Amino acid sequence: MENRTKFPYLRQDFAASLVVFLVALPLCVGVAVASGVPAELGLVTGIVGGLVTGLMRGSSLQVSGPAAGLTVLVFEAVNEFGLPALGVIVLAAGLLQLTMGALKLGRWFRAISVSVVEGMLAGIGLVLIAGQLYSAAGLKAPTSGLDKILGLPGAAADALGSTEALASLAVGAGAIAVMVLWKRLPKQVRTVPGALAAVVLATVVAQAFGLPIATVEVNGLLDSIQPPGTDAFGKLADPAIFGTIIAFTLIASAESLFSAAAVDRLHDGPRTEYDKELMAQGAGNAVCGALGALPMTAVIVRSSANVQAGAKTKASRVMHGVWLVLFAVALPSTLALIPLPALAGILVHAGWKLIPFREIVSLWRGHRGEALILVVTAVSIVAVNMFEGVLIGLALSVAKTAWEASHLKMEVVDKGAGPVQAYLSGNATFLRLPKILDSLEALPQDRPIELNLSGLHHLDHACRTALENWAERHSAVGTEPVRVTEPEPVTVTAP
């Protein structure tokens, strides 16, 4: 009775933890393999997400672990700096997140344009799908995102000429089909997560028919954990690594906090404390970095599964970490049976869900500027890289906001006799200065002008100076001085 009082939701949290474990297991392994690191490192990050981040305050029901959204960035980092340097990058990113949380910067991530975030996820999804299509066929993928996409026709031609590649593709396509069709099965069957069902069925088929396809390479949990050494920290002498660290920090933080906002909409429990959640993510990433593992974020797939399974407290996500530990200790050899194309199929499906098709259509109908930002961000990530693509998206978002903030309207009233009246309303900033001057200079030079600025919400220094100069020029031709009705304390009069 006392235990029930201490843990009133133990039964619900226990059941939810098993569901989350079954969802997390294939994703942990698949994300690690797709990132170009040992499969066990994905389990390590999942374990840390449960046992470290799961115990901390922030968002009580969202679950953290290795995420498909960081796969492309991790692959690029490992390819450029080497696997030993990954721990240093993740550790530094975790320490930055802790610092930002301590400085109470977590809430500011909510100010990031949703179009940029969705564009980022769409770009990641495109690169992830393209890269995993090569893996599904057992082929080596090109390094850059653009090359991955442009090389797909050639890869398809190569696959058609190889029995092994066709068998591999069939297993990958089967995994995708299982995940797509799984949602249509009876609710009792769907208690087993679709990703796990796809992996189990693909493994059984591959073993039963002796298919010549690659399986997960197993190194052992302890052998895979490689804390960064002196040589790895020496990589910090390369200035390029700091761009990667910042990219890890910003993208992992944004994805986690946007996930927290989404999870809050799924339940009626305590709301997310954003700064504390950022510190929890930072602590988890610092531990992952110290172990040489993958970076973590809060993952909406696992988090929504946790809520839908009836979780009430953080105990469910902590227990899911315990189940991952037990699996890694008791059944590590089973990883060697999992076909790589099955994991590739799971990640193709995950990448497809990252592309916000409905949002793009909706934005195009109502906010074409936001839709353009989303598409440009996604294309930039594919064409250049993750970090620069996000920066391009952020720059576009800021430019669009600045442009909209400088909205200006000019209305001219000319009754044919007497002064010409010009009314300016909105925000007069340097961005609209050419438009203001063109309109004013088009007014008759031989008529008195009354310029009414009382409708302006803002008049910056550049516009004020330009208006003063225009008034002087207009009055210099022998007409009456320009009469101005101005917002205090601005003065724009001709001498």
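Worth saying up front: this structure is predicted, and the values here are computed from it rather than measured. The basis for the numbers below is simple: all heavy atoms, side chains too, and nothing from hydrogens, waters or symmetry mates.
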### Under 3.5 Å: donor-acceptor pair, side chain of Asp13, backbone of Thr313
yes
### Flag if over 12 foreign heavy atoms under 6.0 Å of CZ, Arg57
no
### Query
Could you walk me through whether Ser60 and Glu277 pass the side chain to side chain contact (heavy atoms under 4.5 Å, CB included) check?
CA-CA 9 Å; Ser60 60; Glu277 178 62 20; over 6 Å; no
### Query
Which heavy-atom pair separates Lys148 from Ala141 by the least distance, and what is that distance?
CE-CB, 4.3 Å
### Backbone N/O of Met296 and side chain of Thr45: donor-acceptor pair under 3.5 Å
no
### Query
When you look at NZ of Lys312, are more than 12 heavy atoms from neighbouring residues, nucleotides or ligands closer to it than 6.0 Å?
no
### Message
Keeping Arg317 on the side-chain end and Gly54 on the backbone end, is there a donor-acceptor pair under 3.5 Å?
### Response
yes
Quick one: side chains of residues 171-189, donor-acceptor pairs under 3.5 Å with protein atoms, not counting sequence neighbours, listed by atom name and distance.
from   : atom 1 : to     : atom 2 : distance (Å)
Trp182 : NE1    : Val192 : O      : 2.7

### Query
Any side-chain heavy-atom pair from Thr215 and Leu337 closer than 4.5 angstrom?
no
### Query
Quick check: are there more than 12 heavy atoms from other residues, nucleotides or ligands sitting under 6.0 Å from CZ of Phe357?
yes
### Message
To check you understand the geometry: which heavy-atom pair defines the closest contact between Asp264 and Tyr274, and what is its length?
### Response
OD2-OH, 4.3 Å
### Query
In terms of the angle between their ring planes, are Phe14 and Trp323 parallel, tilted or perpendicular, with boundaries placed at 30° and 60°?
perpendicular
### Minimum-distance pair of heavy atoms, taken over all atoms of Pro341 and Ser168
CB-O, 3.2 Å
### Task
Search all heavy atoms of Ala130 against all heavy atoms of Leu152 and return the closest pair with its distance.
O-CD2, 4.0 Å
### Task
Heavy atoms only: give me the nearest Glu80-Ala240 pair and the separation to one decimal.
OE2-CB, 4.1 Å
### Message
Does atom NE2 (His367) have a neighbourhood of more than 12 heavy atoms from anything else shown, all under 6.0 Å?
### Response
no
### Query
So do the side chains of Leu86 and Val37 get within less than 4.5 Å of each other, counting heavy atoms only?
yes
### Task
Return the minimal non-hydrogen interatomic distance between Ile89 and Ala77, and the atom names on each side.
CD1-CB, 4.1 Å
### Message
Just by distance, no angles: are the side chains of Asn285 and Gln97 close enough, under 3.5 Å, to form a donor-acceptor pair?
### Response
yes
